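Before any comments, here is the structure.
Quick caveat, the model's predicted, so the values are computed rather than measured.
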Amino acid sequence: MRAILPLLSLSAVAQALYFFIDGTQPKCFYEELPKDTLVVGHYTAEEYDDNSRTWSKHDGLSVYISVDEIFDNDHRVVSQRGSSAGRFTFTAHEAGDHRLCFTPSSNSNRQNWLNAATPNGGIKLTLDLAIGESSEIESTDKSKLQDISQRVKDLNSRLQDIRREQIFQREREAEFRDQSESTNSRVIRWMVVQLVVLGVTCAWQLSHLRSFFIKQKLT
């Protein structure tokens, strides 16, 4: 059965839907995409629990995702296996139909897959498909990038503050060093002056004592 997701707009489309998958049979959709169109999909797979009668995720549930270009001999552009919830993305390099297929697998060993007797069996897959650069789903990634960019700007601002502080500290150290050198030079000059004065004083005293002794002898 061929399921088609209509392309509502070339600029931005966000399509949210859920569907049931019987056993491990792949569920495929066809989407006609223009050239250079970014497609981002977020999916969540849940398995029906007969005991709690609810849909729930578990670690043993995984989903294989494939995207093929129908117009290019089924050239595969996406082939990935993810957990019960995840994300896939691709860019349509050429305009044309693309086939998106989802194949679940589970290790729960449940026997009651989706059938007429158990309409709530199988896997419930919720898909948010965003088409276009300005899609609503991509806005989350853009906000994360903006947050990272803001953090980088904050870090750069802090680095600049630290650099200014380092420059200020170096200037303070240079000023303190100049003051210390000036003080040391003044102390040395004062010591030299004191030594000169002391030497002159000693010389004068010796000369005065010599003259005094000479006069004492003469008398």
Side-chain angles (χ1 to χ4, degrees), residues 9-14 16 33-45 57-63 65 67 77-94 126 128-219:
S9 171
L10 298 182
S11 59
V13 178
L33 300 173
K35 183 179 179 179
D36 296 330
T37 299
L38 176 65
V39 179
V40 179
H42 293 260
Y43 67 90
T44 301
K57 298 184 295 182
H58 59 84
D59 295 335
L61 185 59
S62 63
V63 179
I65 304 168
V67 179
V77 294
V78 174
S79 177
Q80 71 178 59
R81 179 174 296 278
S83 59
S84 58
R87 175 180 182 270
F88 66 93
T89 179
F90 69 94
T91 300
H93 298 290
E94 297 293 339
T126 303
D128 287 333
L129 190 64
I131 301 174
E133 294 182 355
S134 59
S135 62
E136 295 179 0
I137 293 180
E138 276 296 286
S139 64
T140 303
D141 296 332
K142 290 182 179 180
S143 65
K144 292 181 180 178
L145 291 177
Q146 291 175 355
D147 182 59
I148 294 174
S149 177
Q150 185 62 39
R151 291 183 181 180
V152 171
K153 291 180 180 179
D154 293 340
L155 289 175
N156 288 333
S157 178
R158 292 181 182 178
L159 289 176
Q160 292 177 359
D161 292 339
I162 294 173
R163 185 177 180 183
R164 285 193 294 266
E165 182 67 20
Q166 289 176 342
I167 294 174
F168 175 73
Q169 291 296 334
R170 284 198 294 266
E171 292 176 351
R172 289 286 300 274
E173 290 176 358
E175 182 180 357
F176 178 77
R177 184 174 59 253
D178 294 340
Q179 290 179 353
S180 299
E181 292 176 354
S182 176
T183 302
N184 292 334
S185 63
R186 290 178 182 178
V187 170
I188 292 174
R189 284 197 300 267
W190 177 244
M191 290 177 63
V192 171
V193 170
Q194 286 180 331
L195 290 174
V196 171
V197 172
L198 182 61
V200 171
T201 303
C202 290
W204 179 80
Q205 288 180 345
L206 291 172
S207 177
H208 179 71
L209 289 173
R210 182 178 181 184
S211 299
F212 174 77
F213 288 132
I214 291 174
K215 288 180 181 181
Q216 290 295 326
K217 287 182 179 182
L218 292 175
T219 58

Would you compute the distance between atom [atom1] of [X] and atom [atom2] of [Y] and round it to the nearest 0.5 angstrom?
X      : Y      : atom1 : atom2 : answer
Asn184 : Arg177 : CG    : CZ    : 12.5 Å
Glu171 : Glu173 : CD    : CD    : 10.5 Å
Thr183 : Glu181 : OG1   : CD    : 10.0 Å
Glu94  : Leu33  : CD    : CG    : 12.0 Å
Arg210 : Gln205 : CZ    : CD    : 16.0 Å
Ile162 : Leu155 : CD1   : CG    : 9.5 Å

* Would a distance-only check, ignoring hydrogens and angles, find a side-chain to backbone donor-acceptor pair under 3.5 Å from Ser207 to Ala203? ->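 Checking the backbone N and O of Ala203 against the side chain of Ser207, no donor-acceptor pair under 3.5 Å is found.
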* Within the side chain of Ser83, is there an N or O that forms a donor-acceptor pair under 3.5 Å with the backbone of Ala85? ->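 Answer holds: yes.
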Please tell me if the side chains of [X] and [Y] come closer than 4.5 Å, counting only heavy atoms from C-beta onward.
X      : Y      : value
Arg186 : Ser182 : yes
Phe90  : Ile65  : no
Phe176 : Arg172 : no

If you count the non-hydrogen atoms of other residues, nucleotides and ligands that lie under 6.0 Å from [atom1] in [X], is the total more than 12?
X      : atom1 : result
Asp59  : CG    : no
Arg151 : CZ    : no
Arg164 : CZ    : yes

Which atom names give the shortest non-hydrogen contact between [X] and [Y], and what distance separates them?
X      : Y     : answer
Arg87  : Gln80 : O-NE2, 3.2 Å
Ala45  : Val63 : CB-CG2, 3.6 Å
Leu129 : Gly41 : CD1-CA, 4.2 Å
Pro34  : Ala92 : O-CB, 3.5 Å
His93  : Asp36 : O-OD1, 4.2 Å

* **Check: Asp154/Gln150 side-chain N/O donor and acceptor closer than 3.5 Å** =>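 Yes, Gln150 and Asp154 have a side-chain donor paired with an acceptor closer than 3.5 Å.
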